[in-house]
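As structure tokens, the structure follows; a few thoughts come after it.
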Amino acid sequence: MEPKRTSGRRGSLIGAGFFARNHLEAWRDLAPQGVRLEGICDRDTARAEEAAQRFGSRPFASAEAMLEAIRPDFVDIATTPPSHRPLVELCAPHVRLVICQKPLAEGIEDARAMVAACEAAGAVLLVHENFRWQKPFRRMIELLESGTIGRARFLRLTFRHGFDIYAGQPYLRTTPRLAIMDVGVHLFDLARRLMGEAAAVSCETRRLNPGVAGEDAFCALVAHADGGVSVTEVSFSSRYHPDPFPQTLALLEGDAGTIELRADYRLVVHDGTGRREENVEPAVPRWGARPWHAVQDSVLAFQRHALAVLDGTEAPQPSGADNLRTLALCLAAYESADGGRRVTLDPPPAPHRSDTNSQVGLNQGGVP
Ligand SMILES: NC(=O)c1ccc[n+]([C@@H]2O[C@H](COP(=O)([O-])OP(=O)(O)OC[C@H]3O[C@@H](n4cnc5c(N)ncnc54)[C@H](O)[C@@H]3O)[C@@H](O)[C@H]2O)c1
């Protein structure tokens, strides 16, 4: 194996499916910053070829062949979860940065192995958790960290809709673990980012749509280590007019004020100075469209951050090591729902200095 390149912004993408279109468009938007996707790999060769042609890259049917041929600085993994561990383990020795879509893995052992593989290979592992990079949440984190509402005490995150998510992602119909692993993982990442470490969870799951295999609704009550509480509510079978999808609504109460994120991107802040409203609607990217712009803009913001991580100027948010605790929270939520009981989580291990993947993402400092 040839030594890794020590600088540069040459990228590669694995998995050119439904969501990767956002990655590809965002990488193209970032081309003026010197990033270039030199290779696009999908085991479905027609997909790889179509994406490579459209985005001016080289198609590959196997990740091994792509790594050999182009020796990228980073790899962006946008495949479905069962392939995440083998692909991360394959790529880590070749690149400086591994970006992996959520959920990091289906089980904690796989996720730990992925974090360990990156540490051993000297690669940074950054998890594509784009909800914390959505503009309304970037602003909410900024306001919280400015101290305007004091110490966070209560959080409600609501992602309830009736949009047909199965049309674009048919595999979601058959996955036995649906709402918590698909969207709960994003919201738990946000809850940990805003409220700090999770100490225990109580959860109820429901399968409201008889046409899907997994739970399509849940409500989780999380006790945070410093005494705050969060409620995370998800349903893929709720009926609203207008349907809020794909917006997440939120209420964050501190001991000195409240921040409320309403539909239509109104952020209502109550603090020591009174009440004010901000419009936190993201821009619609050149290649985007309403109502998807919240997601599209967050992918662009996340990938801009990934470049800063690649350059060593920002620490990964979230790192693989940090995301282990979000995955543990998801798995604990299932354990709670299945067993009808509150499940406590192990306290986080003390960070150690040489751990490149745990030096950040500890819910401290900076936006998001
Ligand atoms: N962050 C978000 O907001 C968001 C939204 C949707 C999906 N996702 C995540 O993105 C990931 C992909 O989801 P999707 O809906 O795009 O799936 P998809 O099935 O549409 O696309 C996955 C692609 O990966 C390819 N693939 C799978 N294994 C491979 C391998 N070993 N080598 C090469 N190619 C391989 C498949 O052929 C397919 O084209 C999932 O982890 C999903 O949870 C994230």
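For the single chain, residues carry numbers from 1 onward in sequence order. Indexing begins at 1, ligand by ligand and atom by atom, following the structure's order. Everything numeric here is computed off the predicted structure, so don't read it as measured data.
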Notebook entry, point to check: Is the closest heavy-atom distance from M181 to ligand 1 below 4.0 Å?
Noted result: no
Just to check, does A63 reach to within less than 4.0 Å of ligand 1 when the distance is taken from its heavy atoms? no
The closest protein heavy-atom partner of atom 21 (O) of ligand 1 is G17 CA, 3.3 Å
What about F18: any of its N or O atoms under 3.5 Å from an N or O on ligand 1? yes
Distance-only, no hydrogens or angles: does the E215 side chain make a donor-acceptor pair with backbone N or O of A179 under 3.5 Å?
yes
If you compare A51, S83, P86, P246 by their heavy atoms, the one closest to atom 31 (N) of ligand 1 turns out to be S83
**Message:** Evaluate T79 for polar contact with ligand 1, using N/O atom pairs at a separation under 3.5 Å.
**Reply:** yes
Self-check item: Check: W292 ring centroid to F163 ring centroid under 6.0 Å
Solution: yes
A student comparing D182, N130, V183 should find that the heavy atom closest to atom 2 (C) of ligand 1 comes from N130
- [ ] Please check if any side-chain donor atom of H305 sits under 3.5 Å from a side-chain acceptor atom of E314, or the reverse.
- [x] yes
Applying salt bridge (charged side-chain N to carboxylate O under 4.0 Å, His left out) to R266 and not counting sequence neighbours gives E277
* **P103 near ligand 1 by a heavy-atom separation under 4.0 Å** => yes
Here the atoms of ligand 1 under 4.0 Å from any heavy atom belonging to H84 are 41 (O)
TODO: Check whether any side-chain N or O of R207 sits under 3.5 Å from a backbone N or O of V212 as a donor-acceptor pair, and report yes or no.
DONE: yes
**Asked** Quick one: are F188 and V222 in side-chain contact, heavy atoms under 4.5 Å?
**Response** yes
Note to self: I'd like to know whether E197 forms a salt bridge (charged side-chain N to carboxylate O under 4.0 Å, His left out) with R325, so could you lay out the CA-CA distance, the side-chain angles of the two residues, the decisive distance to 0.1 Å, and finally the verdict.
What the structure shows: CA-CA 8 Å; E197 207 48 80; R325 298 197 58 78; 3.1 Å; yes
Exercise for the section: May I ask you to check if ligand 1 and A20 share an N or O to N or O distance below 3.5 Å? Expected result: no
The atoms of ligand 1 lying under 4.0 Å from a heavy atom of P81, numbered in the order shown, are 41 (O)
Closest heavy-atom approach to atom 28 (N) of ligand 1 among R43, R21, H186, R47 is made by R43
message = Assess, by modelled atom type and distance only, whether the side chains of D216 and S237 contain a donor and an acceptor separated by less than 3.5 Å.
response = yes
